[in-house]
Amino acid sequence: MIWRVLLAVVAVLAIGGYWFSTQFPPEPPAPTGYAVRDAAYQHVNQAEFGNGPYFGRTTWSGAHRDARNSDYVPVPSPNAVRRTWTGIEGGNFFMPPVIGANGNVYATSAGGPGESHLHAFTPGGRLLWTAAPMQSMDDLDSAAYFSAPVVDVDDHLYLPDANQLWSFTNEGTVRWVTDLPALGVHGYAFSAFFTHQGHVGLISSDGKVALFDRASGELTVPILDLPGVDGVPSSPMPPGLLDDGLIDPALQQDNWDAIWGFNMEVANTPSVSPETGRIFIVATGRQPDHTVLYGLDVGPEGIEIAFETQLGVSGSGTSPTVSFDGSTVYVVDGEGHLTGVSAIDGSVVWQSSERSVMGVSSSTMPDGKVFTFQFNELICWDGSNGDVLWRHDLNWIADEEITGLPTLFGQPQADVVSGVTTTVDGIWFIIKAGIEIEIPEDQRDMAQPPVAGLPLDTFKQPIKHFLVHYDYDGNFVSRAPFVDDGALVVMGLDGRLYATTLSVTTSIAHYGANPNMPFFMRNTPKPHGSLVAYDPASFLDYFKELVAWHGALLREGRQGPGQAASLAALHLSLEEALAAGELPQGEYDELRALVAEVQSEPEAAARLLAVEALGEALGN
């Protein structure tokens, strides 16, 4: 009898469970890339980004986005953003994240033994995988922090650490590992690159140029040893720099040296001309205080030096940027002078008389504008002749944001604390806002290094940070709170922005300066190391911005850089607006049909009509 009762209970539970599951079906698994459906995904896959041969078909495939080191995204950016998630909390970074072809985000960190140093996230912030934790130097070690992964056309990742070059699939599987010291390559490499022959290459801090087969990791041509020497000797680190576990303590001094190029022959990321395949690298020359630009060619016999151009003294300069017409290489030398060098023969075409901040490379865009900064000033240059087109003082943001007690002890001051990212319609960067405090004379060398152009008499105490958006005419568009100093702002095809923290000025202020100040002057918050993500404030509004941009482009008869990529962004922003619940299914279906019509029109006049119909449906 009891068995019949038990069977009846089981039957009732089974029927009830079935009914419950039909009423409340399980949620579908979270997406692992861009939120697109099959019908739209082909447009994402077919988008052209102009990154250069063998670089991934993505909005940000390497440390400075592409082969040129342009920091330019060929897609309009959202006018306003909102912070949505953070990752790798408590870590710190040397390089920006990169983005895979499917929209997933990859970042390197330097936690040290027992920690993972490569992390993969979905665009929405879900951790997908990490590299195996470091147990010994045979694992991916903390020096991977000095590089951003570089993504190739097959969506594979390449990443050097202190003694090995690694290749991963986009799912985190190790494809191969190459022992670098066994080949005579020592020191760090500041991100890999791809040649026109399809090799993956690196240039180490001891001046070795090495090229490897992307499929096997085997050396493809003899290694070239650049003729330079190590840079000027190290200077002591400022007190508090990256303390409290922000990075592996074993890397702290090397990190400081790498920022300024101390004691290293190379501390920059190479660029490659998409037009000719020539490789460019800025390094220490034949004297420790000389900065040189090398042009390197890859031929049947190996790697040859095409030219060697001395640029200045004091420091290793910056990573070189190649102009979009392929004629000029832009470098900020060791004294802070922006220089235009012929990509053909290495002759100096022009050199600025004014200074930019050393150690931060320039950014450029297809119309020839070049962007740098000098502390609180954002500077736009004419890349053809070095003329300043405009410069904008950012101190007004500090005046608005820093009020009350802190202003009794110093003048509000804003400084740019990241590289400058350019997009089709504007620029993005991170600033710190704080106060400028005079440093006692006997502590000036301890507080900041004796580097050309760097003021030693004052310290700019950071209090707040902001992600800032300007247009190309120097007009302010928007700002959003940020958490710390930053590297570069990178952008996905869906309009999401990502940035990693550097925590240089904040750690010096919080751990080094604060203990020596009265309690009422300790204004700098604790450094907040993390990968930080922002969504468009509204995906639907971003979709409307893209529609308006395409309409203006077509009405003016311009082809426009990144038009195919921006059409793909149109699909993605609409999909994200639906996923975010910003429009009902019926309206989505109508808009999606109109987007497909825009995509299918080969002639500009017909495409303009389709875009205008789309704008009318949106009420633009």
Side-chain angles (χ1 to χ4, degrees), residues 83 92 236-244 246 256 259 336 355-358 360 373-379 391-418 429-451 453-470 474 476-486 499 501-530 532:
R83 196 170 82 191
N92 200 61
M237 292 186 297
L241 176 66
L242 301 183
D243 277 354
D244 198 26
L246 284 168
W256 180 244
I259 292 172
R355 283 177 169 169
S356 299
V357 164
M358 302 78 64
V360 183
F373 62 88
Q374 172 70 347
F375 303 116
N376 59 296
E377 286 191 320
L378 185 65
I379 310 173
R391 58 196 313 144
H392 196 80
D393 190 332
L394 301 167
N395 278 337
W396 68 271
I397 299 178
D399 289 337
E400 287 189 359
E401 294 288 346
I402 307 301
T403 59
L405 181 63
T407 61
L408 298 178
F409 310 108
Q411 182 71 25
Q413 185 80 21
D415 278 348
V416 179
V417 288
S418 74
F429 51 93
I430 295 165
I431 68 163
K432 68 176 182 182
I435 57 173
E436 192 168 29
I437 301 173
E438 185 174 353
I439 301 175
E441 190 169 349
D442 61 348
Q443 297 179 27
R444 289 177 182 176
D445 285 348
M446 179 178 68
Q448 300 189 68
V451 177
L454 193 68
L456 299 175
D457 55 343
T458 61
F459 175 69
K460 297 174 182 178
Q461 182 187 54
I463 299 174
K464 297 180 181 181
H465 291 80
F466 297 94
L467 173 64
V468 181
H469 183 197
Y470 267 69
F476 172 77
V477 178
S478 66
R479 69 178 180 261
F482 194 67
V483 296
D484 212 318
D485 303 345
T501 57
L502 294 184
S503 302
V504 173
T505 66
T506 51
S507 61
I508 294 171
H510 184 81
Y511 298 118
N514 273 4
N516 298 312
M517 289 184 173
F519 73 92
F520 49 83
M521 290 182 64
R522 298 175 186 177
N523 297 308
T524 301
K526 184 177 179 179
H528 186 106
S530 60
V532 187

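By convention here, the first residue in the shown sequence is residue 1. Predicted model only: the values in this text are computed from it and were never measured.
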Looking at side-chain heavy atoms only, is the closest gap between [X] and [Y] below 4.5 Å?
| X | Y | answer |
| --- | --- | --- |
| W256 | P236 | no |
| M517 | I437 | yes |
| D243 | S507 | no |
| Q461 | N514 | yes |
| V468 | F482 | no |
| Y470 | L394 | yes |
| I379 | Q374 | yes |

Contact summary for [X] and [Y], nearest pair of heavy atoms:
| X | Y | value |
| --- | --- | --- |
| A433 | I402 | O-CD1, 3.7 Å |
| S503 | N92 | OG-OD1, 2.9 Å |
| S418 | F373 | O-CE2, 3.1 Å |
| T501 | G529 | OG1-CA, 3.2 Å |
| A414 | A398 | N-CB, 3.7 Å |
| K432 | K460 | NZ-O, 3.3 Å |

Short question: side chain of [X], backbone of [Y] - any donor-acceptor pair under 3.5 Å?
| X | Y | value |
| --- | --- | --- |
| D393 | N395 | yes |
| K464 | E401 | yes |
| H392 | L378 | no |

(request) Only counting residues at least two apart or in another chain, list the ones meeting ring-ring contact (aromatic ring centres under 6.0 Å, His included) with F519. (result)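 By the ring-ring contact (aromatic ring centres under 6.0 Å, His included) rule, F519 matches no residue at all.
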Residues which pass side chain to side chain donor-acceptor pair (under 3.5 Å) with [X], listed by chain and number, not counting sequence neighbours:
| X | answer |
| --- | --- |
| Q411 | none |
| T506 | D484 |
| Y511 | D244 |
| R83 | none |

Just verifying a value: how many Å separate [X] [atom1] and [Y] [atom2], rounded to the nearest 0.5 Å?
| X | Y | atom1 | atom2 | value |
| --- | --- | --- | --- | --- |
| I431 | L467 | CD1 | CG | 10.0 Å |
| I397 | F476 | CD1 | CZ | 6.0 Å |
| L405 | N523 | CG | CG | 6.5 Å |
| H528 | L246 | NE2 | CG | 11.0 Å |

(request) Check salt bridge (Lys or Arg N to Asp or Glu O under 4.0 Å) between D485 and all other residues, then give those that pass, not counting sequence neighbours. (result)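 Once residues adjacent in sequence are excluded, D485 has no partner under the salt bridge (Lys or Arg N to Asp or Glu O under 4.0 Å) criterion.
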(message) Is there a side-chain contact (heavy atoms from CB on, under 4.5 Å) between N376 and Q413? Walk through the geometry before answering.
(response) CA-CA 7 Å; N376 59 296; Q413 185 80 21; 3.7 Å; yes
